[in-house]
Amino acid sequence: METNQILETIRMIEEENLDIRTITMGISLLDCIDSDSDRACEKIYQKITTKAKDLVKVGEAIEGEYGIPIINKRISVTPIAIIAAATPDTDYVKFAKTLDKAAKAVGVNFLGGFSALVEKGYQHGDAILMNSIPQALAETDFVCGSVNIGSTKAGINMDAVAHMGKIVKETAAASDLGCAKLVVFANAVEDNPFMAGAFHGVGEADCVINVGVSGPGVVKRALEKVKGESFDVVAEVVKQTAFKITRMGQMVGRIASERLEVPFGIVDLSLAPTPAVGDSVAHVLEEMGLESVGTHGTTAALALLNDAVKKGGVMACNHVGGLSGAFIPVSEDAGMIDAVNNGYLTIEKLEAMTAICSVGLDMIAIPGDTPASSIAAMIADEAAIGVINHKTTAVRIIPAKDKKIGEMVEFGGLLGRAPVMAVNAAGSNDFVARGGRIPAPIHSFKN
């Protein structure tokens with residue numbers, strides 16, 4: 001790197017909140033399958049603690065040597081519904097506790113993969129895992145869960161949608177943070193390094209390193225220099241900035257890969273915000289000329305941002321993957337929180353934005369008395385957006401016990417705080433009760 005590029009990177013880190021949001025080690029547990037659940041759990045613990053024993057140490061060493069903040073060191077594993085299906089167990093909480101014990105042993109801050117893939121139907125183990133989610137997430141500290149209920153190829157499994165509406169309610173009742181560790185997907189990807197939706201897909205290598213990069217503060221600062229310029233200029237500035245951020249992520253990923261002697265997977269370039277001042281995707285959108293995120297023009301601004309981020313990332317690295325784009329979680333973004341409190345941002349507008357963003361309805365608090373059928377219908381709406389548009393969408397909704405619209409829910413740390421948002425009062429029970437499958441769209445048939 002030239003001197004001016006080094007100085008520019010230092011400024012991005014020190015003044016604009018540039019960081020490596022996560023180094024995530026994906027670990028296959030397929031060779032841990034055993035008909036005896038105790039033996040399976042022992043194999044799982046041994047494999048994770050062997051493969052990931054140096055993950056945190058290597059991440060911290062890279063931080064110290066290069067001065068690049070690496071905020072999280074994480075692990076993703078093969079969906080546990082696949083691994084545990086060989087056992088006669090009737091709940092999988094034991095497996096979740098094994099994952100939690102392994103996460104604590106190696107020092108990571110989250111472990112994803114307490115997951116099931118049911119977009120076209122249930123196999124043995126899927127319903128057992130889904131029913132285990134409330135207790136599993138309540139009784140573990142670092143385990144994250146996810147369920148994929150739809151895909152462009154398969155359509156939407158409405159039986160699973162209804163099931164997950166009830167599971168979200170039960171998870172909220174079981175613990176305050178359980179729903180913050182649970183994602184319901186359509187078109188889930190196998191190499192996502194970001195929690196809570198990460199799992200290690202069966203098409204991945206036995207062990208791999210994926211990197212998630214984030215830099216909304218860097219993008220906002222770059223846009224401050226082109227006030228009043230055309231959108232052509234705005235798109236080019238975002239693309240060039242994303243290129244620089246991705247290059248840094250690729251460098252860190254390759255160094256970690258070499259030191260851990262594990263193949264390098266992908267860089268996920270997602271503008272993931274935090275509650276910190278100057279680290280907001282909402283403020284990036286407002287820098288384009290919006291008085292507040294949520295007003296008319298927000299979806300168009302997000303479309304430009306997401307597309308330019310992807311173009312810059314792909315130009316910088318051959319192996320860009322995961323979700324890559326812009327996240328719009330409410331609780332983790334100071335600008336989003338302000339927009340909700342000021343009445344400019346609603347769930348309906350967020351849903352429109354999810355047709356463009358990397359994920360979907362993310363970290364949104366709703367009244368605790370919201371019916372399970374309404375939550376299921378939200379999941380169905382998001383899945384429909386993903387299935388029709390051939391993109392990943394997700395729901396991480398948090399029914400807030402004993403909270404009413406406008407009250408704040410505190411999660412702490414990177415999870416931030418969220419104002420409770422209003423939900424449409426009209427019921428969806430009869431719609432959700434139909435069950436069955438919403439067929440795949442016609443454009444999914446490409447063979």
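Model, not experiment: these values are computed from the prediction. We number each residue from 1, following the sequence as shown. All heavy atoms count here, side chains included; hydrogens, waters and symmetry mates do not.
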Indicate yes or no: at least one non-hydrogen side-chain atom of Asn131 is less than 4.5 angstrom from one of Asp91.
-> no

Val108 and Val56, any side-chain heavy atoms less than 4.5 Å apart = yes

Using modelled atom types only, decide if a donor and an acceptor are shared between the side chain of Ser115 and the backbone of Pro79 within a distance under 3.5 Å.
-> no

Given side chains that start at C-beta, do those of Phe411 and Ile398 come closer than 4.5 Å, heavy atoms only?
-> yes

Gap between atom CE of Met363 and atom CD1 of Ile397 - 0.5 Å precision | 10.5 Å

Tell me yes or no: between the side chains of Thr295 and Lys349, is some donor less than 3.5 Å from an acceptor?
-> no

Under 3.5 Å, side chain of Asp268 to main-chain N/O of Val211, donor-acceptor pair present?
-> no

Taking atom CE of Met25 and atom CG of Leu111, what is their separation to the nearest 0.5 Å?
-> 11.5 Å

Partners of Tyr122 by side-chain hydrogen bond (donor to acceptor under 3.5 Å, both in side chains), sequence neighbours excluded?
-> His163

Approximate separation, where rounding is to 0.5 Å, of Ile133 CD1 and Ile80 CD1 | 12.0 Å

Does a sphere of radius 6.0 Å around CD in Glu407 hold more than 12 heavy atoms from other residues, nucleotides or ligands, not counting ones at 6.0 Å or beyond?
-> yes

Heavy-atom side-chain proximity of Ile209 to Leu55 below 4.5 angstrom | yes

Where do Ile366 and Ile375 come nearest, in terms of heavy atoms and distance?
-> CD1-CG1, 4.0 Å

Is there a donor-acceptor pair closer than 3.5 Å between any side-chain N or O of Ser132 and the backbone N or O of Ile128?
-> yes

Answer whether the closest heavy-atom distance between the side chains of Glu236 and Lys239 falls below 4.5 Å.
-> yes

If you count the non-hydrogen atoms of other residues, nucleotides and ligands that lie under 6.0 Å from CD in Gln123, is the total more than 12?
-> no

Examine distances only and state if a side-chain atom of Thr152 and a backbone atom of Val387 form a donor-acceptor pair shorter than 3.5 Å.
-> yes

Between Ser428 and Ser373, what is the shortest heavy-atom contact and its length?
-> CB-O, 4.1 Å

Just wondering, do Ile438 and Met158 contact through their side chains at under 4.5 Å, heavy atoms?
-> yes

Could you grab the distance from atom CG of Asn109 to atom CG of Asn72, nearest 0.5 Å is fine?
-> 4.0 Å

Exam field: side chain Ser151 to backbone Ala154, donor-acceptor pair closer than 3.5 Å | yes

Mind running side-chain contact (heavy atoms from CB on, under 4.5 Å) on Val118 and Met130 for me, showing each step along the way?
-> CA-CA 10 Å; Val118 296; Met130 292 159 72; 4.2 Å; yes

Worked check of side-chain contact (heavy atoms from CB on, under 4.5 Å) between Phe194 and Val183 = CA-CA 11 Å; Phe194 282 99; Val183 181; over 6 Å; no

Would you find a donor on one side and an acceptor on the other, under 3.5 Å apart, between the side chain of Asp100 and the backbone of Phe142?
-> yes

Under 3.5 Å, side chain of Lys391 to main-chain N/O of Thr354, donor-acceptor pair present?
-> yes

Could you check if a side-chain atom of Val281 sits within less than 4.5 angstrom of a side-chain atom of Leu305, using non-hydrogen atoms only?
-> yes

Quick check: does any side chain N or O of Asn389 sit under 3.5 Å from a backbone N or O of Ile385, one acting as donor and the other as acceptor?
-> yes

Without hydrogens or angle criteria, can the side chains of Asn210 and Asp191 be said to hold a donor-acceptor pair below 3.5 Å?
-> no

For Gly386 and Asn187, work out which heavy atoms get closest and say how close.
-> O-ND2, 3.1 Å

Does the side-chain contact (heavy atoms from CB on, under 4.5 Å) test come out yes or no for Asn341 and Met408, once each step is laid out?
-> CA-CA 10 Å; Asn341 285 333; Met408 295 297 295; 4.2 Å; yes

What do you reckon, is NE2 of His296 surrounded by more than 12 foreign heavy atoms closer than 6.0 Å?
-> no

Pairwise salt bridge (charged side-chain N to carboxylate O under 4.0 Å, His left out) hits with a residue in residues 128-157, at least two apart | Lys97-Glu139, Lys104-Asp141

What are the two closest non-hydrogen atoms of Leu182 and Leu137, and how far apart are they?
-> CB-CD1, 3.9 Å

What's the spacing between Gln250 CD and Asn318 CG if we round to 0.5 Å?
-> 7.5 Å

Pairs satisfying salt bridge (charged side-chain N to carboxylate O under 4.0 Å, His left out), at least one member in residues 422-436, at least two apart = none

Heavy-atom nearest pair, Val293 first then Ala282, reads CG1-CB, 3.7 Å

Where is the tightest heavy-atom contact between Ala174 and Pro134, given as atom of each residue plus distance?
-> CB-O, 3.8 Å

Would one find more than 12 heavy atoms of other residues, nucleotides or ligands at under 6.0 Å from atom NZ of Lys311?
-> no

So do Lys181 and Thr140 actually touch side chain to side chain, heavy atoms under 4.5 Å?
-> yes

Ser280 side-chain N/O to Asp333 backbone N/O, donor-acceptor pair under 3.5 Å | no

Where the side chain of Asn157 meets the backbone of Ile149, is there a donor-acceptor pair that is under 3.5 Å apart?
-> no

Working to the nearest 0.5 Å, report the span between CE of Met353 and CG of Leu350.
-> 6.0 Å

Let me see the working for Arg396 and Cys179 under side-chain contact (heavy atoms from CB on, under 4.5 Å), right down to the final yes or no.
-> CA-CA 7 Å; Arg396 189 161 46 148; Cys179 287; over 6 Å; no

